[in-house]
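Reading through the structure tokens given below for one structure.
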Amino acid sequence: MARPGGFETAEQQQQQQVLSRQQERHYRLLAELQALVKALPSSCQQRLSYTTLSELALALLDGTVFEIVQGLLEIQHLTEKNLYSQRRQLHSEHRGLKQELFHRHKEAQQCCRPHNLPLLRAAQQREMEAMEQQIREEQRMMDEKIVLELDQKVIDQQSTLEKAGVSGFYITTNPQELTLQMNLLELIRKLQQKEAEAEKKFS
């Protein structure tokens with residue numbers, strides 16, 4: 001009968017293999033990150049220390065973060081597309097309103113008696129200016145809505161990645177930190193592409 005200890009050593013060996021495979025993957029990811037960082041502006045390179053990159057490589061080990069980032073980017077692109085089409089729709093509505101007013105004014109002028117024309121034109125000018133003002137206001141509100149929605153998406157991304165334990169991510173509006181986080185996202189994305197290409201080669 002085999003001693004129970006025998007099983008333990010086989011299990012231990014297995015654990016050792018898993019650990020060494022993970023360690024190899026960690027070193028490889030870290031080396032690839034270090035290579036990718038060289039393409040970033042020097043101000044960013046200085047802020048991405050060996051420790052930060054090592055922690056990032058650890059977070060990327062099991063591939064979950066790659067999937068999270070992929071999902072976040074897809075949501076962001078959908079949101080941008082949606083907001084862009086809303087803005088385009090508003091623009092085309094405004095164009096329609098302007099054309100309609102222009103035709104109405106033209107018809108009114110054709111039916112108007114010559115001595116009343118200056119009065120009519122002045123009233124029409126005021127109406128046109130009021131519409132222009134309303135259009136500008138609606139566009140400003142739309143642009144504000146777009147900025148707010150995109151800002152909210154950034155906060156969602158920061159919060160999700162912070163919860164996933166990705167080094168360098170937390171909720172902030174500091175422009176320098178945001179630039180750093182955007183560069184980190186870009187690094188993760190590039191690394192994911194490299195991983196996908198490597199898998200294709202081996203499959």
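Position 1 is the first residue of the sequence, and the numbers go up from there. These numbers come from the heavy atoms of this one structure, side chains and all, not from hydrogens, waters or symmetry mates.
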* Asked: Do you know which of Q124, E127, Q109 makes side-chain hydrogen bond (donor to acceptor under 3.5 Å, both in side chains) with R104?
  -> E127
* Stepwise, does the side-chain hydrogen bond (donor to acceptor under 3.5 Å, both in side chains) test hold for N174 with T172? -> CA-CA 6 Å; N174 178 325; T172 177; 5.2 Å; no
* Going by atom types only, do E74 and Q70 share a side-chain donor-acceptor pair under 3.5 Å? -> yes
* If you link I, L, V, M, F, W and Y whenever their side-chain heavy atoms are under 4.5 Å apart, who else ends up in the same group as L101? -> L97, M128, M131, I135
* Asked: Using a distance-only test with no angle check, is there a side-chain donor-acceptor pair under 3.5 angstrom linking Q139 and D143?
  -> no
* Check the pair L29 / H26 against side-chain contact (heavy atoms from CB on, under 4.5 Å), numbers first and verdict last. => CA-CA 5 Å; L29 288 171; H26 179 236; 5.7 Å; no
* Asked: Do V37 and Y50 sit in the same hydrophobic cluster, where Ile, Leu, Val, Met, Phe, Trp and Tyr count as joined when their side-chain heavy atoms come under 4.5 Å apart?
  -> yes
* Within a strict 4.5 Å, meaning less than it, do heavy atoms of the I188 and L56 side chains meet? -> yes
* From R88 atom CZ to M142 atom CE, the distance as rounded to the nearest 0.5 Å -> 12.0 Å
* Asked: Going by atom types alone, do Q193 and E197 pair a side-chain donor with an acceptor below 3.5 Å?
  -> no
* Using distance alone, with no hydrogens and no angle criterion, decide if Q15 and E11 have a side-chain donor and acceptor under 3.5 Å apart. => no
* Who are the side chain to side chain donor-acceptor pair (under 3.5 Å) partners of E107, not counting sequence neighbours? -> none
* Structure fact -> Distance col, row E80:CD vs S85:OG, nearest 0.5 angstrom, shows 12.5 Å
* Asked: Do L185 and I75 share a hydrophobic cluster, counting only Ile, Leu, Val, Met, Phe, Trp and Tyr and linking them when any side-chain heavy atoms are less than 4.5 Å apart?
  -> no
* Asked: Taking it one step at a time, do E138 and K145 satisfy salt bridge (Lys or Arg N to Asp or Glu O under 4.0 Å)?
  -> CA-CA 10 Å; E138 283 179 14; K145 177 191 165 200; over 6 Å; no
* Asked: Using 4.0 Å as the upper bound for N to carboxylate O, is an ion pair formed by E195 and R28?
  -> yes
* **Same apolar cluster (I L V M F W Y, side chains within < 4.5 Å links), I146/V154** => no
* Structure fact -> All heavy atoms of A59 vs all of V166, minimum pair found to be CB-CA, 4.3 Å
* Under the side chain to side chain donor-acceptor pair (under 3.5 Å) test, which residues partner H91, sequence neighbours left out? -> none
* Asked: Got a sec: does the CD of Q14 have more than 12 other heavy atoms crowding it under 6.0 Å?
  -> no
* Taking side chain as C-beta onward, heavy atoms only, is R121 less than 4.5 Å from H105? -> no
* Check: L40 main-chain N/O paired with Q45 side-chain donor or acceptor under 3.5 Å -> yes
* To do: May I ask whether L73 and L83 are part of the same hydrophobic cluster, defined by side-chain heavy atoms of I, L, V, M, F, W, Y residues being less than 4.5 angstrom apart, directly or through others?
  => no
* To do: For salt bridge (Lys or Arg N to Asp or Glu O under 4.0 Å), just list the numbers for K153 and E149, CA-CA rounded to whole Å, side-chain angles, deciding distance to a tenth of an Å, and then say yes or no.
  => CA-CA 6 Å; K153 279 287 158 279; E149 281 208 34; 5.9 Å; no
* Asked: About how many Å separate OG of S92 and CZ of R87, when rounded to the nearest 0.5 Å?
  -> 12.5 Å
* To do: Any chance you could lay out the side-chain contact (heavy atoms from CB on, under 4.5 Å) test for Q76 and T79, step after step, and finish with the verdict?
  => CA-CA 5 Å; Q76 186 185 330; T79 306; 5.6 Å; no
* To do: Taking atom CZ of R140 as the centre, report whether more than 12 heavy atoms of other residues, nucleotides or ligands fall under 6.0 Å from it.
  => yes
* About how many Å separate CD of E129 and CZ of R126, when rounded to the nearest 0.5 Å? -> 9.0 Å
* Would you sort out whether L161 and L72 count as a side-chain contact (heavy atoms from CB on, under 4.5 Å), showing the intermediate values? => CA-CA 9 Å; L161 291 166; L72 289 173; 3.9 Å; yes
* Calculate, to the nearest 0.5 Å, the distance between atoms CG and CG belonging to L30 and L58 respectively. => 9.0 Å
* After noting the C-alpha distance and the side-chain angles of K190 and E32, does the key distance pass the side-chain contact (heavy atoms from CB on, under 4.5 Å) rule? -> CA-CA 10 Å; K190 282 183 175 164; E32 285 182 1; over 6 Å; no
* Answer yes if the side chains of T52 and S49 hold a donor-acceptor pair under 3.5 Å, and no otherwise. => yes
* Exercise: identify the closest heavy-atom pair between R25 and G63 -> NH2-N, 4.4 Å
* Asked: Should T160 and F169 count as side-chain neighbours, where that means a heavy-atom distance under 4.5 Å?
  -> no
* Check whether L184 and L61 end up in the same hydrophobic cluster, where Ile, Leu, Val, Met, Phe, Trp and Tyr are linked by side-chain heavy atoms less than 4.5 Å apart. => yes
* Asked: Taking the side chain from N183 and the backbone from T179, do they hold a donor-acceptor pair closer than 3.5 Å?
  -> yes
* Asked: Salt bridge or not for K98 and E132, using N-O below 4.0 Å?
  -> yes
* Asked: Can you tell which of P175, S43, C44 makes a side-chain contact (heavy atoms from CB on, under 4.5 Å) with L180?
  -> C44
* **Side-chain H-bond candidate by donor/acceptor type, Q181 with Y170, under 3.5 Å** => no
* E186 vs R189, salt bridge (Lys or Arg N to Asp or Glu O under 4.0 Å): CA-CA, chis, key distance, verdict -> CA-CA 5 Å; E186 190 58 21; R189 218 176 52 76; 3.0 Å; yes
* Given side-chain hydrogen bond (donor to acceptor under 3.5 Å, both in side chains), test Q133 with E137 step by step and report yes or no. => CA-CA 6 Å; Q133 178 62 38; E137 186 58 24; 4.7 Å; no
* Asked: Roughly how far, to the nearest 0.5 Å, is the CG atom of L33 from the CG atom of L48?
  -> 9.0 Å
